[in-house]
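First the structure, in the form of structure tokens, and then the observations on it.
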There are 2 protein chains.
Amino acid sequence: MTRTIFIYGLVLAVAVFMLKMLEYKFFYRQLSVEIYIGIIGVLFTILGIWVGNKITRKKKVFIAPPVGEFKVNERILGEIGISKREYEVLELMAKGLSNQEIADKLFVSLNTVKTHTANLFLKLEVKRRTQAIQRAKELRLLQ
Amino acid sequence: MTRTIFIYGLVLAVAVFMLKMLEYKFFYRQLSVEIYIGIIGVLFTILGIWVGNKITRKKKVFIAPPVGEFKVNERILGEIGISKREYEVLELMAKGLSNQEIADKLFVSLNTVKTHTANLFLKLEVKRRTQAIQRAKELRLLQ
DNA sequence: TAATCCTTCACCCGAAAGGATGATTTGATG
DNA sequence: CATCAAATCATCCTTTCGGGTGAAGGATTA
């Protein structure tokens, strides 16, 4: 990235230099203003395309289809003793939300969410949220 | 594509028009040549970036629904540009391992793992590891 | 040969996550 | 009514994550 900017600057400098040369010819050989502008335009357009391709890498948006039906295993849910609220947190956690985002979505404080997650980790017997999500899917608590 | 070219032409025409106006000011208000060139340069650079983005445009790619057993979608893997090592990290990440644990398992430093994860987040266009795992499963890069 | 990619590692810094613990309120239930 | 679980929030502290940047060596390729 820094390199790209550097190269861009360099090319720009060279371009300006070349334009100065051109300017010289322009004044002494009666090159028309239009041609002058045209050359500058083409030059910078090419430069722009190049830079644009460098910084915004071409990308494709992949869209995956949703999969099949699913039924929550209520039995295990009760057996482990996961409360309604905790389950809500679990769901949002599995969607990849941060604790703060979950807190905002449920209209509670960050601390509350942290309490819920801590309880979930205890009940699911895991140490991290990634493991919790995994475990929950294994137990068919989540799709 | 034809449309893009057409729009490009249109914008070009507008640009030339604006430049003519500028030229007018240039001659009558003694705008310096450097500023004139600068404006033209910036204008056409922006134009170039825009055109570049239009040409190499992100397109939607729909992923085939899952049939039978799981098979890693090598095509997407290559298209997104995830390297072997990065994929290994992705797998371990999905198993719920921490960066440190991944580092130990792959016999590399924690910093290396963090570099890989950072690259993965870029390529998968996500912000967190939980999202990365999700996305990877959507794209059928992981089971 | 030069450019590019991959892999490796480092340092800094701020944000997020997690552990431990305690406290309050509310609703259900024996 | 007393009690218990659930839900809420807090504080303190440590660990983990993630962003940004730079750099070096090896492999591949134009």
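Letters A, B, ... are given to chains in the order of the sequence lines, protein chains preceding strands, and every chain is numbered from 1. Every heavy atom of this structure was used, including side-chain atoms; hydrogens, water molecules and symmetry mates were not.
In this structure, Thr112(A) does not reach the dT8(D) phosphate: none of its side-chain N or O atoms is under 4.0 Å from OP1 or OP2.
Distance Arg85(B) CZ to dC5(C) C1': 16 Å, rounded to the nearest Å. Taking atom CG of Asn119(A) as the reference point, atom C1' of dA7(D) lies 10 Å away to the nearest angstrom. Distance Asn111(B) CG to dC9(C) P: 8 Å, rounded to the nearest Å. Between Lys84(A) atom NZ and dT8(D) atom C1' the separation is 15 Å, expressed in whole Å. Per the geometry, NE2 belonging to His116(B) stands 13 Å off C1' belonging to dC5(C), to the nearest Å. Rounded to an integer number of Å, the gap from CD of Glu86(A) to C1' of dA7(D) is 9 Å. As a whole-Å value, the separation of Ile102(A) CD1 from dA17(C) C1' is 11 Å. Taking atom CD on Glu125(A) and atom C1' on dG18(C), their separation rounds to 17 Å, with Å as the unit.
Which of dC6(C), dC9(D), dA6(D) sits closest to the side chain of Ser83(A) comes down to dA6(D).
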Original post:
Going through the distances and angles, do Leu106(B) and Arg85(B) end up as a side-chain contact (heavy atoms from CB on, under 4.5 Å)?
Top reply: CA-CA 9 Å; Leu106(B) 296 181; Arg85(B) 208 52 162 167; 4.0 Å; yes
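Between Lys105(B) and Leu92(B) the shortest side-chain heavy-atom distance falls below 4.5 Å. Annotation: side chain of Gln100(A) is in contact with side chain of Asp104(A) (closest heavy-atom distance under 4.5 Å).
A salt bridge does not link Lys84(B) with Glu88(B): every distance from a Lys NZ or Arg NE/NH1/NH2 to an Asp or Glu carboxylate oxygen is 4.0 Å or more. No salt bridge links Lys127(A) with Glu101(B); every basic N to acidic carboxylate O contact stays at or beyond 4.0 Å.
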Please produce a list of atom pairs where a protein N or O lies less than 3.5 Å from an N or O of nucleotides 13-20 of chain D.
residue	atom	partner	partner atom	Å
dC17(D)	OP2	Asn99(B)	N	3.0
dG18(D)	OP1	Arg129(B)	N	2.9
dG18(D)	OP2	Arg129(B)	NE	3.2
dG18(D)	N7	Lys114(B)	NZ	3.4
dG18(D)	O6	Lys114(B)	NZ	2.9

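In this structure, a donor-acceptor pair under 3.5 Å is present between the side chains of Ser109(B) and Thr112(B).
When all heavy atoms are compared, the tightest approach of Met93(B) to Phe121(B) is CE-CE2, 4.1 Å.
Sparse packing is recorded around NZ of Lys95(B), with 12 or fewer heavy atoms of other residues, nucleotides or ligands lying under 6.0 Å away.
Ile133(A) and Val126(B) fall into different hydrophobic clusters, defined by Ile, Leu, Val, Met, Phe, Trp and Tyr side-chain heavy atoms under 4.5 Å apart, directly or through other members.
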**OP:** If a protein heavy atom is under 4.0 Å from the base, mark B; if only from the sugar-phosphate, S; if neither, -; do that for nucleotides 20-30 of chain C going 5' to 3'.
**Re:** -----------
